Number of protein chains: 2
Amino acid sequence: MLDPVSRVRRFNRAVTSAVGALDTSFLGRGRPLGAARVLNAIGHGRSEIGEIRDYLGLDSGLMSRLLRSLEDEGLIETHAHEDDARRRVASLTRAGKREFAAYEDLSNSQAEGFLARNSQREALLAAMDLIASALTRDRIALTAMDPRSDEARYCLAEYYAELGRRFKQGFDVSLSRDPDAKDMRRPRGSFIVAVSDTLPIGCVGLKGTDHGYAEIKRLWVAPSARGLGLGKRLMDATEDAARTLGISLLRLDTNSALPEAGRLYRTTGWREIPRFNDDPYPDLFFEKQIRS
Amino acid sequence: MLDPVSRVRRFNRAVTSAVGALDTSFLGRGRPLGAARVLNAIGHGRSEIGEIRDYLGLDSGLMSRLLRSLEDEGLIETHAHEDDARRRVASLTRAGKREFAAYEDLSNSQAEGFLARNSQREALLAAMDLIASALTRDRIALTAMDPRSDEARYCLAEYYAELGRRFKQGFDVSLSRDPDAKDMRRPRGSFIVAVSDTLPIGCVGLKGTDHGYAEIKRLWVAPSARGLGLGKRLMDATEDAARTLGISLLRLDTNSALPEAGRLYRTTGWREIPRFNDDPYPDLFFEKQIRS
DNA sequence: CACGATATCTGACTAAAGTCAGATAATGCT
DNA sequence: AGCATTATCTGACTTTAGTCAGATATCGTG
């Protein structure tokens, strides 16, 4: 009863019945689950029909019929895609928006109810983040984004907060050489965010300089996503970005209070070098030559 | 993207698709999901078909047909219940046992695969326990059991381990007044175990004495089940058991290193009293008069 | 502009799940 | 023994989901 496999299976059973309950509550709006799922996918911003079909794993015939039934209900409209008239895009009508909002309310109040019924709110949320990240590890998307996007700023705020906790002396961004956002955007650099489902769970910046190398900055992986190899994936993606930008030498600085970072660098071809800047926080410096 | 409700909903989405994948793997044995579920319910020891019907939420007509199809496949046999010939009980044939074992293998290897793919094994398991307990909180069963049953001994081992961690001086059972199992069985006392699904997640003992009172011992709630009010439920159940046994005065001892326990006692009608034994570990003593 | 590829739709199916009104048989209670 | 109750089964449905072979329209490329 206490072996790991039994524990996983107990979790599966608990969650299966919870999911069933959620599905059932969705049926309360008098529409089959298939149609409700399509409506919700559209409400969540998936407009292209092919995309929805892939996302929900539906046959094209079935998809077409579900769209038709939503159209007949007056909840959606479809138009030809503006660049490619073979493709269709769907959008919610006014009534569709109301109906979508009703589903959102159902989901939200189910989630709120779950949180309200339990007192270990933060522990539960952390556990949910962890499991969700583990389950969706194959679907983590790495995307180059503006370092001033919401997603990037969320990651950076979490990153700074963590440095504050892990450095004995705390961490004050203003004392560090805060990279100019411009240096982490094309064509000088890049900023990559890892998003699982909708939650940003990691980031890394590639900062262009005028000294013949680019720097890797702000590598962060959310606690709930550690152990998934995400740090490595982010670094690999950054190296690819650097190659694309024609950069062949990379440098980075880090701190020995972050041993997992040091370990990652040492095992992925980085070479320790002497201090190359006067930032007060780092005490370890690395360099890597990348071949295009 | 970081508000609690979104995090719960992200978890729901992650888990919904994982559950779907598990269901799909069950289809691989060439049998519709409904029949597979019934077969598995029988394999897991649910023999009465009314019970299975409730558990799976099936209509009686549908249930009947699923049983018939499993019978036709030669996987189960049904007999009249020995006390009530209206009811039927189902059991697996030899072939049914083989088929059930194949489903078990599928579930187990799915669970093992999940664990193997992820490196944060212990953290994941703890998170799963926590969430499973929160989801099944309404289905936690309190059952009086022999204190030497597997379930009870599992709880006690966890309890002692936790005391060892939380007491500055550690904890050695042999130094404590280890209650005789006989004193925690009817008619002198009771031992109650809380089981969620199949996992024991809490216990409490009621130990009869010859001094005109009974003692409450070994109150333990698994870390993953804290915040669900389980301690209170266990204490209430013990008071009920005491009433049934004709006991009207209860005592207990505890330690100030376990503040949540002290808080529970103080808020549920217990009154602090002077030390009434010479056990080396406790430093707080309580008493409660219960009315029948 | 011809032609293969692509995206969606339609029609004609099947399978699975679920519903519901009786039928049948056993039981508990008076 | 009579009768309401309970547990299960059967027959006759409907709904939902899913499959598959074409039909239709558009696109990209030579």
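Model, not experiment: these values are computed from the prediction. The chains referred to below are lettered A, B, ... by the order of the sequence lines, with proteins before strands, and numbering in each begins at 1.
- When heavy atoms are screened at a 4.0 angstrom cut-off, B/Arg31 is found touching no nucleic acid atom at all.
- The backbone N or O of B/Ala90 sits nowhere less than 3.5 Å from a side-chain atom of B/Thr78 that would complete a donor-acceptor pair.
- Distances from the side chain of A/Arg86 to the nucleotides C/dA17, C/dT8, C/dA5 place C/dA5 closest.
- Side chains of A/Arg139 and B/Ser17: a donor-acceptor N/O pair is present below 3.5 angstrom, by distance only.
- Looking at residues two or more places apart in sequence or on another chain, you find no ring pair (Phe, Tyr, Trp, His ring centres under 6.0 Å) involving B/His81.
- If you measure from atom CG of A/Leu70 to atom C1' of D/dT16, you get 14 Å, rounded to the nearest angstrom.
- For the residue pair A/Arg13/B/Thr136, the side-chain donor-acceptor check at 3.5 Å is not satisfied.
- D/dT19 atom C1' lies 17 Å from atom CE of A/Met63, rounded to whole Å.
- Rounded to an integer number of Å, the gap from CZ of A/Arg37 to P of D/dT16 is 13 Å.
- Spacing between atom CD1 of A/Ile52 and atom P of C/dC9 amounts to 11 Å, rounded to whole angstrom units.
- Among the heavy atoms of the strands lying under 4.0 Å from B/Asp84 are primed sugar atoms or P, OP1, OP2 only; no base atom is included.
- Set against C/dT27, D/dC9, D/dA17, the side chain of A/Pro32 has D/dA17 as its closest nucleotide.
- Nearest nucleotide to the side chain of A/Leu62, out of D/dC9, D/dA17, D/dT8: D/dA17.
- Looking at heavy-atom distances under 4.0 Å, A/Arg53 makes contact with sugar-phosphate atoms alone, never a base.
- Mapping B/Leu33 and A/Thr78 onto DNA chain C by nearest heavy atom places A/Thr78 closer to the 5' end of the strand.
- Looking only at atom types and distance, the side chain of A/Asp72 has no donor-acceptor partner in the side chain of A/Ser69 under 3.5 Å away.
- Among the atoms of the strands shown, only primed sugar atoms or phosphate atoms (P, OP1, OP2) are found under 4.0 Å from some heavy atom of A/Arg68.
- Rounded to whole Å, atom C1' of C/dA17 lies 12 Å from atom CG of A/Leu27.
- With salt bridges taken as basic N to acidic carboxylate O contacts below 4.0 Å, one links B/Arg31 and B/Glu99.
- Checked against C/dA7, D/dT6, D/dG11, the side chain of B/Arg65 finds its nearest nucleotide in D/dG11.
- Following rounding to the nearest Å, A/His81 (NE2) and C/dC9 (P) show an atom-to-atom distance of 14 Å.
- Mapping A/Glu82 and A/Gly61 onto DNA chain D by nearest heavy atom places A/Gly61 closer to the 5' end of the strand.
- In this structure, B/Ile49 atom CD1 and D/dT10 atom C1' are separated by 14 Å, rounded to whole Å.
- Nearest nucleotide to the side chain of B/Leu58, out of C/dA17, D/dT5, C/dG18: C/dG18.
- Across the protein-nucleic acid pair, A/Glu48 atom CD and C/dT6 atom P stand 16 Å apart, rounded to whole Å.
- In the set C/dA7, C/dA17, D/dC9, D/dC9 carries the atom at the smallest distance from any side-chain atom of B/Arg88.
- In this structure, the nucleotide among D/dC9, C/dT10, C/dT19 sitting nearest to the side chain of B/Asp59 is C/dT19.
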